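As structure tokens, the structure follows; a few thoughts come after it.
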Amino acid sequence: MTVELISVGTELLLGNIVNTNAAYLAEQCARLGLSCFYQTVVGDNAGRLAQILHTALSRSDVLILSGGLGPTQDDLTKETAAGVMGMALTRDEHTAKRLQEYFSRRKLELTENNWKQAMVPEGAIVIDNENGTAPGIIMEKEEKRVILLPGPPGELIPMFENAIAPYLAGAVPGVI
């Protein structure tokens, strides 16, 4: 089973942030027995990301993307991946409720742009984010899986360990 890692964020390309997520995910995938032949970093650009996704889907079984799930206009990972997978976005009421609770607990205003994070690809598996507002997403189509993880390591690492690694170990044939 082959996995491909795609890190999304112009800040990674500019060297503003060191891409520790790719090193972490590569190590964890190797521990699961997945073969990782490609890693890509792409900026916050829907056209280039879509191109990368099409290429990656042609050569890998599982794509793991990190970053670009936030509430701002340049966070395009979910929308782009859903489009490539042919899945429409729909409001996930569970995630919407979690967003309300998150902002309420912190006495922060839940602004209109934050509701973007409650939109998920129809039919996707939604993974709760215990440390932030962007849920993880697992899209399955035929024999391909596209996994979207938030960029901050404090959100990505626990989500991978608590949900994605068990999912990969149980859901992907041939993974130990």
Side-chain angles (χ1 to χ4, degrees), residues 1-15 17-70 75-89 120-132 134-176:
M1 193 61 50
T2 59
V3 64
E4 187 157 339
L5 304 178
I6 302 170
S7 303
V8 181
T10 302
E11 67 278 9
L12 297 169
L13 287 175
L14 296 176
I17 295 177
V18 176
N19 191 0
T20 59
N21 288 343
Y24 169 80
L25 290 169
E27 181 180 20
Q28 296 306 308
C29 288
R31 286 185 182 172
L32 289 169
L34 296 166
S35 299
C36 183
F37 299 127
Y38 300 96
Q39 292 184 21
T40 304
V41 178
V42 62
D44 298 304
N45 178 283
R48 287 189 287 273
L49 177 56
Q51 197 172 39
I52 294 293
L53 289 169
H54 283 294
T55 300
L57 284 167
S58 75
R59 63 188 180 199
S60 299
D61 304 304
V62 178
L63 310 184
I64 301 176
L65 288 79
S66 61
L69 300 182
D75 290 313
L76 303 167
T77 299
K78 178 176 44 183
E79 295 83 348
T80 305
V84 169
M85 293 292 282
M87 299 173 146
L89 292 178
V120 302
E122 194 168 16
I125 299 167
V126 179
I127 308 297
D128 288 343
N129 185 340
E130 300 302 332
N131 299 311
I137 303 288
I138 300 172
M139 292 179 274
E140 301 172 324
K141 189 171 184 182
E142 297 164 6
E143 297 299 313
K144 303 291 183 175
R145 286 157 176 78
V146 176
I147 300 170
L148 309 180
L149 297 171
E155 298 176 32
L156 178 142
I157 292 170
M159 190 179 289
F160 187 87
E161 291 175 356
N162 296 327
I164 304 305
Y167 166 81
L168 289 171
V172 181
V175 175
I176 298 170

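Bear in mind that the values here come from a model prediction, so they are computed numbers and not experimental data.
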Validation row: [X], [Y] side chains within 4.5 angstrom (heavy atoms):
X	Y	answer
Met85	Leu57	yes
Asn129	Asn131	yes
Asp44	Glu11	yes
Val8	Leu69	no
Lys141	Val146	no
Tyr167	Ile127	no

What's the spacing between [X] [atom1] and [Y] [atom2] if we round to 0.5 Å?
X	Y	atom1	atom2	value
Ile164	Ile157	CD1	CD1	13.5 Å
Glu140	Arg145	CD	CZ	5.0 Å
Met139	Leu63	CE	CG	9.0 Å
Glu4	Ile52	CD	CD1	8.0 Å
Thr80	Gln51	OG1	CD	12.5 Å
Asn19	Ser7	CG	OG	3.5 Å

Closest heavy-atom contact between [X] and [Y]?
X	Y	value
Ser60	Lys144	O-NZ, 2.8 Å
Lys78	Val120	CD-CA, 4.3 Å
Leu32	Ala169	CD2-CB, 4.4 Å
Pro150	Ala134	CG-O, 4.0 Å
Leu89	Ala82	CD2-CB, 3.9 Å
Asn21	Gly151	ND2-O, 2.7 Å

Exercise for the section: Please confirm whether the backbone N or O of Gly47 pairs with a side-chain atom of Asn45, one donor and one acceptor, at under 3.5 Å? Expected result: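 Here the side-chain-to-backbone pair exists.
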Problem - Side-chain (Asp61) to main-chain (Met1) donor-acceptor, under 3.5 angstrom - result: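 Looks like no, no N/O pair under 3.5 Å.
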Handout entry: Derivation and outcome, side chain to side chain contact (heavy atoms under 4.5 Å, CB included), residues Ile147 and Leu168
Key = CA-CA 10 Å; Ile147 300 170; Leu168 289 171; 3.9 Å; yes
Handout entry: Given Leu148, Leu49, Ile64, Thr77, the one that forms side-chain contact (heavy atoms from CB on, under 4.5 Å) with Ile6
Key =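 Exactly one candidate clears the test, Leu49.
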Practice task
Determine whether more than 12 heavy atoms belonging to other residues, nucleotides or ligands lie under 6.0 Å from atom CD of Glu161.
Solution key: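 Result for CD/Glu161: enclosed.
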Problem - Arg59 NZ/CZ over Tyr38 ring centroid, <6.0 Å and within 45° of normal - result: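 Arg59 over Tyr38 ring: yes.
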